[in-house]
Number of protein chains: 4
Amino acid sequence: MTADPARRSERSRRAILDAALELLAETGYSDLTIEAIASRAGVGKQTIYRWWRGKGAIILDALIDATSSAEALVLPDTGDLEADLRTVMRATVAEFADPKLSATTRALTIETLNDEKLAEQVRDQLLRPQLDAVKKRLQAGPIRADVDLDQAVELLFGPLYHRWLLRTGPLTDEYADGVVQLAIAAITP
Amino acid sequence: MTADPARRSERSRRAILDAALELLAETGYSDLTIEAIASRAGVGKQTIYRWWRGKGAIILDALIDATSSAEALVLPDTGDLEADLRTVMRATVAEFADPKLSATTRALTIETLNDEKLAEQVRDQLLRPQLDAVKKRLQAGPIRADVDLDQAVELLFGPLYHRWLLRTGPLTDEYADGVVQLAIAAITP
Amino acid sequence: MTADPARRSERSRRAILDAALELLAETGYSDLTIEAIASRAGVGKQTIYRWWRGKGAIILDALIDATSSAEALVLPDTGDLEADLRTVMRATVAEFADPKLSATTRALTIETLNDEKLAEQVRDQLLRPQLDAVKKRLQAGPIRADVDLDQAVELLFGPLYHRWLLRTGPLTDEYADGVVQLAIAAITP
Amino acid sequence: MTADPARRSERSRRAILDAALELLAETGYSDLTIEAIASRAGVGKQTIYRWWRGKGAIILDALIDATSSAEALVLPDTGDLEADLRTVMRATVAEFADPKLSATTRALTIETLNDEKLAEQVRDQLLRPQLDAVKKRLQAGPIRADVDLDQAVELLFGPLYHRWLLRTGPLTDEYADGVVQLAIAAITP
DNA sequence: ACATAATCGAGACGGTACGTCTAGTCTTACG
DNA sequence: CGTAAGACTAGACGTACCGTCTCGATTATGT
């Protein structure tokens, strides 16, 4: 009854993922339709429904696919913890600023709120690696022994997401630096 | 051309707001339709479109309406800053834990991502008061002079929203306490 | 729940019926789609589904609409029964020969085979009047008293339909004349 | 490029024909799908498309296959023409009355209307033998010299098909008898 | 008190996308 | 090569909502 992955057409898979990302950049998430993806990819709708559960699942795959080939997720360790963290945080700010990347993230975030299964995948396959990389760097740098590393990581990313999500203020490098400074104050001896 | 608020039917307004909240609780946000609201409220669709711009605007009104009668948004000042913050943070965690309230908040947050105008209203009418209350308490309590209060507030709420949004871990009182502890370390002398 | 005929748009009704007949003539019945009708008529699909049960029902309406304004269904009585019958039978042959009319008839006949309700309507609203007209003429003309008029009518039309349906031979005026001659022999004293 | 009949699997052919007839009886013609036939027959779809042009062709083959083993198509000649004709006509009525057989015949008749090639085959391979048998009996019995035999045959079958196709009245033995009586009046001296 | 104008309930309308279904073609692995 | 299996492109199906647009039938002033 279910589809056999061995016989799956790689050609179609690629076309769908590419089309989805293209259209997302062009039209925004809420105007993104499965029919448009199918049409752009030159693919039958059924082929999409055969392999994915919906828009969110496609975008997730597209994103995983796009980032998998990217940089090894290991943070540089220059010896200066604050400087290193500033680098990551500023990179994150840049990601939020990029309309294309931001659109994708928004798309996934939206879908995530209604789809527990998808939320899991996003968390484990996209987010966790990024957070863990920071966590590893924290472990190395000089921090107080009693600090919960997971909490420390979220102390860094939390404010950034908060500002992106709720537009409580400008999301700039300066803001990132400020957050890092506070966090450093919180976790170093 | 625009509608005259003076002649607006309060009866219909109430029915729509109530129906919206009921249906939101029953079916979740993405399955919530204007037609269902109209039908449940015993109201013509045009009456909805005359006064609101879409789902998000309705929910926002409903939420404002529901919370307006609530507690005055002034944090108690017991003299113990950490304890006071723990109280607010735990209250926020409780809000996120309540499935019904959480659903509503999520609903709004979703819509916010695609609707700049709505985002403004949510930020200013719902969020800001809460954040400002915390900000005021911080001002009173003993904190370092060089700390940016807005950043401080987001240092507190950011991690909570992060965890709520991305499910990176359990959203418990203990977590709230940990965040407060770290934040206190960051902002007190 | 059901639609209110009073509020029906005559404009749409006309457009749909016209589009259906046009497309039927252009593409043939099995290539005729509801979507094409809707598109050609500049109408939403729902408007079609609101008022008709399917392709067959549309065609039926279109046909009734087209024939309603036509000739009063009374056969001329010249006093010469055989001549009068020849006239009707030849007219029927001509109808079968006209590709456009024939296509419509075929379409209806097909749909009829799977839809008892439609079959009834076709029979009562399209066929019966035609048959009854012939019946009336037979009543007037000189025929044997013991002849069942319904059987007589079908003795005339049956062979024509048979030939049209099953292509057992050419459907010409000569054939019509032959059938009339045989029928006359059967029913006159 | 075309398939080589020599290598054809008789096993598959049988399974397909049987499945087609079964499904036809179960679901009716318009709900009968090639996929269902393939699945029921345990056969790949390609195997069907390799050897048949579509539903109609399969049903035709199935029907020919089913009737080929049947009675030799020679009408008995008791010397009483009217009685002999009554026998055939009543048999035809019985065929139409049997829902299963009737369904199959209708199915083919439908397809015939859209497929000239199929129409030919149905006419020549299924219908003609039956008509010819009656024609032969007419030749023997006492009829007027000037009667066109083909017309005479259709004078008999036409009304029956007419009533079957258009449901203009009950299709009973009495009706068959009536038709025979009229036809006899038309063609005997 | 009454005309008059806007709001109201209802729901038909032109559209768009949904997710499903089947047609007919193409690909893969087996015998 | 023919076959069973089933993935593929294509596109129609009938449904659900969208946001706009008539319709009377209430209101609700404002002269």
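None of the values given here were measured: they were computed from a predicted structure. Per chain, numbering begins at 1; letters A, B, ... match sequence-line order.
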Length of the line joining [X]:[atom1] and [N]:[atom2], which is rounded to integer Å:
X       : N      : atom1 : atom2 : value
D:Ile37 : E:dC21 : CD1   : P     : 18 Å
D:Glu10 : F:dT3  : CD    : P     : 11 Å
D:Arg50 : F:dA5  : CZ    : P     : 14 Å
A:Asp4  : F:dA4  : CG    : P     : 19 Å
A:Ile48 : E:dT20 : CD1   : P     : 13 Å
A:Ile34 : F:dG11 : CD1   : C1'   : 17 Å

Residues forming a salt bridge (Lys or Arg N to Asp or Glu O under 4.0 Å) with B:Arg40, sequence neighbours excluded: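 In terms of salt bridge (Lys or Arg N to Asp or Glu O under 4.0 Å), with neighbours along the sequence ignored, B:Arg40 is linked to B:Glu22, B:Glu26.
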Contacts of type salt bridge (Lys or Arg N to Asp or Glu O under 4.0 Å), residue C:Arg11, not counting sequence neighbours: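 Counting only residues at least two positions away or on another chain, C:Arg11 forms no salt bridge (Lys or Arg N to Asp or Glu O under 4.0 Å).
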Within residues 15-33 of chain C, residues whose heavy atoms come under 4.0 Å of DNA chain F: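 Output list: C:Thr33.
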Contact nearer the 5' end of DNA chain F, comparing A:Val43 with D:Ala38: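 Checking each residue's closest nucleotide, the 5'-ward one belongs to D:Ala38.
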CA sep, side-chain torsions, deciding dist, call: D:Leu21, D:Asp65, side chain to side chain contact (heavy atoms under 4.5 Å, CB included): CA-CA 11 Å; D:Leu21 244 31; D:Asp65 181 271; over 6 Å; no
Measure the spacing between [atom1] of [X] and [atom2] of [Y] and express it to the nearest 0.5 Å.
X        : Y        : atom1 : atom2 : result
B:Arg106 : B:Thr112 : CZ    : OG1   : 14.5 Å
C:Leu165 : D:Leu165 : CG    : CG    : 5.5 Å
A:Ile59  : A:Leu63  : CD1   : CG    : 8.0 Å
A:Arg8   : A:Thr47  : CZ    : OG1   : 9.5 Å

Bend angle of the helix from E:dA1-F:dT31 to E:dG31-F:dC1, from helix axes over five pairs at each end, nearest 10°: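 Answer rounded to 10°: the end axes differ by 20°.
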Under-4.0 Å side-chain N/O to phosphate OP1/OP2 contact, A:Ser12 with F:dA7: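 Answer is no, no contact under 4.0 Å.
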side-chain N/O D:Thr47 vs F:dA4 OP1/OP2, d < 4.0 Å: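 Yes, such a contact exists.
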Closest to side chain of D:Glu35, choosing from E:dA23, F:dA7, E:dC13: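 Nearest nucleotide to the side chain: E:dA23.
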Which nucleotide in F:dA4, F:dT3, F:dC8 has an atom nearest any side-chain atom of A:Ser9: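 The answer is F:dC8, which lies nearest to the side chain.
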Side chain to side chain contact (heavy atoms under 4.5 Å, CB included) assessment of D:Trp52 paired with D:Leu17: CA-CA 11 Å; D:Trp52 287 277; D:Leu17 260 24; 3.7 Å; yes
Quiz item: cation-pi between C:Arg7 and C:Trp51, 6.0 Å / 45°: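 Judged by the rule, C:Arg7 and C:Trp51 form no cation-pi pair.
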Side chain to side chain, C:Gln125 and C:Glu120, heavy atoms closer than 4.5 Å: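 Side chain of C:Gln125 against side chain of C:Glu120, heavy atoms only: no contact under 4.5 Å found.
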Protein-to-nucleotide contact annotation, 5' to 3' order, nucleotides 20-31 of chain F [B base; S sugar-phosphate only; - none; under 4.0 Å, heavy atom]: BBB----BS---
Sidechain N-carboxylate O distance under 4.0 Å for B:Glu10, B:Arg13: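 Between B:Arg13 and B:Glu10 there is a salt bridge, with a charged N closer than 4.0 Å to a carboxylate O.
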Note: C:Arg167-D:Glu116 ion pair, threshold 4.0 Å (strictly below):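 Yes, C:Arg167 and D:Glu116 are salt-bridged.
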Steps toward salt bridge (Lys or Arg N to Asp or Glu O under 4.0 Å) verdict (D:Lys55, D:Glu111): CA-CA 8 Å; D:Lys55 275 204 285 187; D:Glu111 206 68 14; 5.6 Å; no
Members of residues 51-63 of chain B that approach DNA chain E, where some heavy atom sits under 4.0 Å away: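 B:Trp51 - these, ordered by number, are the residues of the stretch whose heavy atoms sit under 4.0 Å from the strand.
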Worked check of side chain to side chain contact (heavy atoms under 4.5 Å, CB included) between D:Ile58 and D:Ile34: CA-CA 9 Å; D:Ile58 302 174; D:Ile34 302 269; 4.0 Å; yes
